[in-house]
Chemist: 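The structure that follows is given in the form of structure tokens.
These numbers were taken from a predicted model, which means no experiment stands behind them. A note on names: the letters A, B, ... follow the listed sequences, proteins ahead of strands, and every chain is numbered from 1.
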Amino acid sequence: MNQSSHAPAVEQHAHRDDIGAKMGMWLFLFTELLLFGGMFLMYAYYRFQYPDQFKIAAMELSTSMGTLNTIILLTSSLTVAIAITALRKGNRFLALLNLFVTIVFALAFMVNKLFEWSAKISHGIYPGSEDILNKPNGEILFYGLYYVMTGLHGLHVIIGVVILSFMFVFIYKGSVNKDNFMKLENSGLYWHLVDLIWIFLFPLFYLIH
Amino acid sequence: MNEDKQNKENHEHITPYSTYVLVWLALIALTSITVTVSGIDFGMVALAIAMLIAAVKSSLVINIFMHIKFDEPIFKVFLMVSLFTLVIIFVLTFFDLVNR
Amino acid sequence: MFLMFSSQSASRTAEAVDSVMIYIVSVSLLLLLGITITMIYFVFKYHRKKGHKPVDIHGNIWLEIIWIGIPTILVLTMFYYGYMGFRTMRDIPENAFQINVTARMWQWQFNYENGKQTDTLFVPVKTPILLKMESVDVNHSLYIPAFRIKEDVIAGRINYLSFTADLTGSYDIACAEYCGLKHSMMYTRVVVMPDEKFTEWYESEKTEPDTNITAVSQESQSLLFEKGCTTCHSLDGSKKIAPSFKGLMGNERIVLRNGSEMHIRVDEEYLRRSIMEPNAETVKGYTAGLMPIQKYNLNDNELNKIISAINSLN
Amino acid sequence: MANGTVALEEKSFYEESTNKYSGILSWLLTTDHKRIGLLYLVTICAFFIVGVILGILMRLELIAPGPTIMEAQTYNTLFTLHGVIMIFLFIIPGLPAIFGNFFLPLQIGAKDVAFPRLNLLSWYIYVIGAILVLISLFLPGGPIDTGWTFYIPYSVRSTTNVSLAIFAAFVLGFSSILTGLNFITTVHRMRAPGMGWFRMPLFIWSIYSTAWIQIIATPVIGITILLVIMERAFGVGIFDPALGGDPILYQHLFWIYSHPAVYIMVLPAMGVVSEIIPTFARRTIFGYKAIAFSSLAIAFVGYLVWAHHMFTSGISDTARWIFSLLTFIVALPSGVKVFNWVATMYKGSIDPKPPFLWVMSFIVLFSIGGLTGLVLGSLATDIHLHDTYFVVAHFHYVMFGGTGTIFFGALFYWFPKMFGKMYSIKWANISVALFFIAFNMLYFPKFIMGYMGMPRRYFDYLPEFTNLQVISTVGSWLMGITMIIIFANLIYSVKKGKKSPENPWGGVTLEWHTASPPPLENFHEIPTVTHEPYDFSQLEEMKHESK
Ligand code: HEA
Ligand code: HEA
Ligand code: CUA
Ligand SMILES: [Cu+2]
């Protein structure tokens with residue numbers, strides 16, 4: 001490990017284990033996967049029990065809103081990926097620009113979500129409301145899951161925005177750079193996971209007809 | 001030590017911009033397919049198609065965007081372990097549900 | 001325990017379970033003794049004081065195969081035996097006599113098909129019985145130790161349990177799933193009667209059969225009993241764990257709402273509130289949260305009947 | 001390792017710290033895995049004592065039928081807190097967080113774990129979780145009374161502080177996940193040169209398997225608990241049957257975590273056993289690979305059997321027999337371990353010092369617990385025994401008799417390494433013997449009561465159980481005396497004990513190749529591994545090294 005055959009440049013970072021850091025991040029992502037996996041299991045379980053009521057309830061959700069958000073999120077995944085490549089190629093400006101676009105898209109996603117939720121709420125469809133309690137079981141469950149799953153996903157988006165903003169500052173200041181890009185790469189991984197989960201949420205909630 | 005040498009190579013891998021853009025186009029295309037297909041009523045088949053497309057999309061994201069394809073092989077093993085566990089949990093729970 | 005094994009079993013299921021138990025315990029005991037004795041023997045035989053030179057043995061593939069293989073066979077037989085015993089509990093004859101069971105905090109209620117309703121389970125001997133069970137609040141579990149059977153009773157779904165009693169007599173029924181404050185007092189009995197006696201009771205007007213086993217006394221056939229209110233509220237002014245219904249209407253009382261005390265005169269509006277959403281206000285001196293929320297248990301019609309029933313107790 | 005003069009200059013990790021502070025801050029801000037291990041040791045022991053006192057109070061209440069020293073509601077909160085504290089605050093973090101932290105880097109020849117700061121963060125998260133549990137006791141509403149399983153719908157209906165208490169469990173899960181993630185990365189990335197996978201000590205294998213369960217299973221309970229909180233706070237319809245939900249789904253999700261979690265509890269203990277036996281038999285372990293792979297097998301098969309806790313809940317009959325069959329399969333790898341351990345004693349040179357005695361007690365008690373697990377795995381018998389004292393006896397045998405015993409075993413084995421002191425061997429021998437007697441007196445009657453039909457979580461009981469309950473309560477007093485002896489012996493020795501030799505037992509795994517207590521970064525230089533983990537031919541060389 002500490003053999004002296006290393007080039008001095010590497011010696012400087014002898015204590016840094018990039019692969020280790022990435023491994024830690026992946027392991028963390030698997031816990032997230034299982035966390036949402038648990039909720040997908042609940043969804044599958046109840047959809048199996050109330051297929052028709054899920055269908056009726058899903059009609060209320062706006063497919064176009066969902067599609068728009070899907071496109072926003074997919075594109076933000078692209079920009080964050082480009083940002084990483086750019087940084088590694090030494091193009092700091094392109095990296096910052098793409099990171100900025102990613103953050104803007106993420107916020108757009110949240111604004112969109114906010115509209116969607118507030119529309120639902122103003123129609124009296126929210127947990128514990130009179131209207132919801134009068135619906136049949138399957139629909140109550142559908143909306144329960146809808147709120148917790150998209151809500152938790154939204155929480156991840158917000159956390160993602162915070163993390164990406166930090167990365168923006170770090171790159172700007174130069175502490176994350178061409179030779180030391182693992183933090184950005186790990187943040188990118190996190191952001192892709194957020195995208196990944198949405199890829200499943202979208203058809204399961206917005207596309208049942 | 002062999003492991004470390006391989007790491008070095010993977011470490012060098014930088015995905016070109018063009019690959020990313022292509023993947024992104026594919027993702028958008030797949031999204032529009034699901035949305036269109038969902039308009040037609042296929043019943044249970046629709047769900048299967050939607051899930052299949054989602055699976056394709058996510059494998060694109062995982063392989064290219066998250067470049068697990070070019071990364072440590074062990075990460076792939078980890079991923080399989082997690083997914084496999086998830087599948088087991090689903091299958092065994094449904095053993096109960098389907099037979100009630 | 002050994003008495004249980006030797007005496008004649010109260011039901012077929014008890015017999016099946018006991019024999020599975022004896023089988024698994026005997027095999028286990030042999031294994032346990034084998035392991036323990038070998039271990040202790042090695043410790044003495046190869047004690048360091050005796051100055052043996054240790055021998056490094058890295059393993060032996062045949063031994064590994066043996067001690068995976070033999071236990072595999074053993075556990076498969078255990079599984080099979082246990083599964084067969086289980087079948088005797090779950091194979092329900094077509095002609096089984098059906099009784100509906102309602103469980104609530106902390107009371108059992110048995111509804112017979114001809115409308116009879118009891119809080120003790122009366123069954124004819126040597127007749128297959130099928131219990132269809134549902135809970136109105138939290139999980140309970142109907143457990144008859146003498147027959148070695150139990151099944152949870154859960155809100156929103158019907159679970160079933162079946163048995164055939166082979167001996168007349170009276171056995172405990174316990175609640176085996178934790179259900180709150182009086183979980184450990186949720187006992188009642190199953191009374192197994194000769195066929196003729198059962199039929200006589202079943203077809204008569206009497207609420208209680210003529211057995212020499214005293215059943216828990218039955219209070220009232222009214223809705224208050226049926227919905228379980230009388231478990232906690234008395235009708236005669238005596239104090240149980242909740243205020244009595246007698247003389248309730250028009251009475252003055254102090255209630256806690258959001259932690260602050262208020263004086264209230266009991267009227268219909270108040271009764272409605274304290275039945276449907278009992279957690280909104282709590283009568284001073286009583287435990288908050290004990291009273292089950294009735295919102296999902298009563299419909300408007302039943303609520304009105306209950307209120308007039310309480311009214312009439314003045 | 002080092003010669004006399006160097007040893008004098010050498011500073012242990014007690015004297016040198018990873019930060020510039022001294023005193024208490026040098027501990028609270030440390031990133032040294034050994035100090036973090038000791039921080040866990042102190043906090044976890046504190047909660048263990050709380051849990052134990054709750055246990056003794058319950059036994060006191062049960063000494064006679066009817067209310068004796070408390071109300072029913074108090075009893076219900078007692079067993080819930082006893083369960084929550086023992087499970088989430090004591091036994092799940094217990095071995096991995098204390099001994100895993102302290103010895104994992106030492107045994108693989110690393111300076112520290114992969115993410116030292118994350119490691120400290122995990123401890124703080126643990127402490128926050130523990131504090132939340134404590135706060136939930138004193139807020140209006142009263143301590144949680146649902147049982148440690150938090151079954152729906154009671155946990156939604158109860159007006160006690162359920163939300164806060166289960167949120168604490170969520171936080172503790174987070175700590176567990178981070179620890180697991182840290183250990184997996186450490187094992188993959190930080191092994192010393194020459195330490196291939198099959199040269200790792202078996203404790204590492206078991207910690208590694210445990211870590212996988214921690215990161216894969218824990219999120220499932222995390223989300224489940226979070227949804228129960230949502231359901232209580234906002235009336236979101238998820239599990240509550242009044243809102244269309246299915247309480248059985250909750251049970252599935254709960255046990256999807258909690259069954260694998262029982263292997264989080266016992267696997268590290270099995271790892272410690274695999275360390276102690278070769279050291280005191282002074283010969284290599286029998287069937288190294290079989291034991292290593294059986295750890296992975298237990299971790300894996302552990303995911304397949306959860307519904308054996310639900311045989312009476314009304315799941316389908318098909319699911320019942322499938323899960324029963326799978327449950328029997330999970331017993332096989334545990335059997336492999338037991339047989340290999342006993343075989344390791346064959347033709348050894350056995351020196352039954354206290355750690356070895358703890359192991360012997362473990363093998364007997366764990367086998368009883370495990371074999372009664374088979375009784376519960378069998379459908380016919382479980383229908384009768386589910387939720388009776390038989391189950392209570394089973395899990396105290398595996399948890400307390402198994403893992404708890406090894407908690408002490410590990411403490412007595414590594415005590416000289418951790419503190420550089422030696423305890424009184426005589427008192428240690430006495431405490432093992434007393435423990436074994438007290439334990440069986442305390443819990444064996446529960447098997448009989450269970451078979452006679454005494455349900456668990458009962459504040460009151462029928463008079464026919466009185467005799468057995470009394471025996472059990474008296475056993476708990478004897479157990480109390482044992483605990484006092486154990487802790488008094490250890491605490492006294494930390495302060496006033498004799499200085500221990502570097503390698504008092506003649507162990508050969510890497511932790512014995514460095515000073516006791518170890519220096520800050522464990523080794524002067526990262527060792528190169530040239531031997532199998534339990535190759536006692538090294539012992540001679542090691543003696544020369546230190547002379
Ligand atoms: C450390 C924790 C731990 C461990 C290791 C185990 C191990 C096992 N447990 Fe246990 N169990 C619990 C903790 C644990 N359990 C807890 C806490 C509960 C109750 C939860 C609650 O409701 O509150 C519980 C409940 C529980 C139940 C549910 C009971 C009920 O509520 O109805 C069942 C049913 O199958 C079960 C089975 C088993 C089995 C088959 C094993 C096996 O892994 C055991 C394997 C070991 C051996 C078999 C012994 C050694 C082997 C030999 C001596 C060789 C010969 C062996 C063969 C013939 C195979 N356990
Ligand atoms: C690792 C886990 C663990 C451990 C170690 C214990 C330890 C003990 N438990 Fe355990 N128990 C559980 C886990 C554990 N328990 C769980 C999970 C449940 C289920 C909860 C539920 O149903 O939700 C349970 C339930 C449970 C019940 C069943 C309650 C019921 O169903 O009604 C009982 C009843 O007797 C009991 C008793 C005890 C006792 C007497 C001890 C004793 O071993 C304690 C022994 C020690 C002493 C008695 C020592 C006392 C010491 C002192 C007084 C002084 C110490 C001083 C110094 C150190 C300086 N426990
Ligand atoms: Cu009803 Cu316990
Ligand atoms: Cu289990």
Side-chain angles (χ1 to χ4, degrees), chain C residues 1 16-17 20-21 24-25 28 31-32 35-36 38-39 42-43 46-48 52 54-59 64 67-68 71-72 75 78-79 82-83 85-86 89-90 138-139 141 143 145 148-152 154-157 159 174 176-185 279 288-289 296, chain D residues 72-73 76 147 151 153-154 157-159 241-242 247 281-284 286-288 290 312-314 317 321 324-325 328 331-332 335-336 338-339 342-343 345-352 360 363-364 367-368 371 374-375 378-381 383-384 386-387 448 451-453 455 457-460:
Chain C
M1 181 165 66
V17 171
V20 177
M21 182 76 183
I24 301 183
V25 168
S28 300
L31 282 165
L32 179 70
I35 290 168
T36 313
T38 317
M39 178 172 77
F42 283 167
V43 170
Y46 303 109
H47 199 284
R48 194 165 294 169
H52 290 290
V55 183
D56 273 348
I57 305 167
H58 282 88
E64 301 289 348
W67 60 49
I68 293 176
T72 306
V75 293
M78 289 178 190
F79 163 74
Y83 176 68
F86 176 65
M89 301 175 186
R90 302 298 283 184
V138 301
N139 301 347
S141 187
Y143 178 29
R148 316 279 190 273
I149 52 169
K150 83 160 67 69
E151 182 84 4
D152 291 4
I154 289 182
R157 55 177 294 144
N159 280 354
E177 186 64 58
Y178 176 66
C179 53
L181 189 71
K182 298 219 277 176
H183 165 56
S184 60
M185 284 145 238
N279 290 339
Y296 314 113
Chain D
Q73 180 65 18
N76 292 348
Y151 271 12
Y154 189 75
R157 301 289 155 75
S158 170
T159 51
R282 200 153 285 181
R283 52 154 286 188
T284 192
F286 190 92
Y288 174 91
T312 68
S313 69
D317 285 3
W321 74 255
S324 169
L325 184 60
F328 281 107
L332 297 172
V336 169
V338 172
F339 294 127
V342 175
M345 298 175 192
Y346 177 67
K347 293 203 169 168
S349 165
I350 298 174
D351 184 16
M360 288 175 68
I363 290 180
V364 176
S367 294
I368 298 178
L371 292 166
L374 298 178
V375 176
S378 153
L379 277 172
T381 36
I383 301 283
H384 171 45
H386 169 73
D387 266 349
I448 302 171
Y451 204 82
M452 286 165 69
R457 296 173 173 171
Y458 262 30
F459 161 70
D460 195 1

Chemist: Heavy-atom distance under 4.5 Å to chain C: side chain of T159(D), backbone, both or neither?
Modeler: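 Contact with chain C: side chain only.
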Chemist: Between L374(D) and chain C, with a heavy-atom cut-off of 4.5 Å, which part of the residue counts as in contact: side chain, backbone, both or neither?
Modeler: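 Contact with chain C involves both backbone and side-chain atoms of L374(D).
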Chemist: Highest number of heavy-atom pairs under 4.5 Å with chain D: which of T36(C), L31(C), V138(C), I35(C)?
Modeler: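 Highest number of heavy-atom pairs under 4.5 Å: V138(C).
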Chemist: Could you tell me which residues satisfy side chain to side chain donor-acceptor pair (under 3.5 Å) with Q73(D), sequence neighbours excluded, listed by chain and number?
Modeler: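 D145(D).
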Chemist: With a 4.5 Å cut-off on heavy-atom pairs, point out which of S313(D), A290(D), P241(D) contacts chain C the most.
Modeler: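 Most heavy-atom pairs under 4.5 Å with chain C: S313(D).
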Chemist: N159(C): what forms a side chain to side chain donor-acceptor pair (under 3.5 Å) with it, not counting sequence neighbours?
Modeler: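 Applying side chain to side chain donor-acceptor pair (under 3.5 Å) to N159(C) gives R157(C).
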Chemist: Name the member of M78(C), M185(C), H183(C), K182(C) that forms the most heavy-atom pairs with chain D at distances under 4.5 Å.
Modeler: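 Of the options given, most contacts go to H183(C).
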Chemist: I'd like to know if the side chain of R148(C) reaches the main chain of I383(D), judged simply by a donor and an acceptor atom lying under 3.5 Å from each other, with no hydrogens or angles considered.
Modeler: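 Not confirmed, R148(C) side chain does not pair with I383(D) backbone.
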Chemist: Could you tell me which portion of M89(C) (side chain, backbone, both or neither) has an atom closer than 4.5 angstrom to a non-hydrogen atom of chain D?
Modeler: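 Contact with chain D involves the side chain of M89(C) alone.
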Chemist: Only one of R48(C), H52(C), H47(C) passes side chain to side chain donor-acceptor pair (under 3.5 Å) with S349(D); say which it is.
Modeler: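 The passing option is R48(C).
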Chemist: Quick check for you: among A174(C), G85(C), S28(C), S141(C), which has the greatest number of heavy-atom pairs under 4.5 Å with chain D?
Modeler: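 Winner by heavy-atom pair count: S28(C).
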Chemist: If you count heavy-atom pairs within less than 4.5 Å of chain D, which of D56(C), T72(C), V25(C), D152(C) leads?
Modeler: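 Heavy-atom pairs under 4.5 Å are most numerous for D152(C).
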Chemist: Answer with side chain, backbone, both or neither: which region of E64(C) has an atom nearer than 4.5 Å to a non-hydrogen atom of chain D?
Modeler: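 Only the side chain of E64(C) comes within 4.5 Å of chain D.
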Chemist: What option among A331(D), A343(D), P352(D), S158(D) has the most heavy-atom pairs under 4.5 Å with chain C?
Modeler: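 So the answer, after comparing A331(D), A343(D), P352(D), S158(D), is P352(D).
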Chemist: Of all of V20(C), I149(C), N139(C), I68(C), which one pairs up most often with chain D through heavy atoms under 4.5 Å apart?
Modeler: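 Top count of heavy-atom pairs under 4.5 Å with chain D: N139(C).
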Chemist: Between Y178(C) and Y154(D), does the ring centroid distance fall short of 6.0 Å?
Modeler: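 Yes; Y154(D) has its ring centre under 6.0 Å from that of Y178(C).
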Chemist: State, to 0.1 Å, how close R283(D) and Y346(D) come at their nearest heavy-atom pair, and which atoms those are.
Modeler: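 Scanning both residues, the minimum pair turns out to be NH1-O, 2.6 Å.
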Chemist: Given heavy-atom pairs under 4.5 angstrom as the criterion, report whether the side chain, backbone, both or neither of I363(D) touches chain C.
Modeler: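 Interface part for I363(D): side chain.
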Chemist: Ignoring hydrogens and angles, tell me if any N or O in the side chain of K150(C) forms a donor-acceptor pair with the backbone of A176(C) under 3.5 Å.
Modeler: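 Judged by distance alone, no pair lies under 3.5 Å.
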Chemist: For Y288(D), is it the side chain, the backbone, both, or neither that has a heavy atom closer than 4.5 Å to a heavy atom of chain C?
Modeler: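 The answer is the backbone of Y288(D).
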Chemist: Once rounded to the nearest 0.5 Å, what's the spacing between atom OG of S378(D) and atom CZ of F86(C)?
Modeler: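 Reported value, rounded in 0.5 Å steps: 10.5 Å.
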Chemist: Chain D heavy atoms under 4.5 Å from I154(C): which part of the residue, side chain, backbone, both or neither?
Modeler: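 The side chain, not the backbone.
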Chemist: Please flag which part of A16(C) lies under 4.5 Å from any non-hydrogen atom of chain D: side chain, backbone, both or neither.
Modeler: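 It is neither, since no heavy atom gets under 4.5 Å.
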Chemist: So how far is it from E151(C) CD to H386(D) NE2, rounded to the nearest 0.5 Å?
Modeler: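 Taking CD in E151(C) and NE2 in H386(D), the distance rounds to 9.5 Å.
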Chemist: Flag the pair H384(D) / Y451(D) as yes when their ring centroid distance falls below 6.0 Å, and as no otherwise.
Modeler: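 Yes, they do, as the ring centres are separated by less than 6.0 Å.
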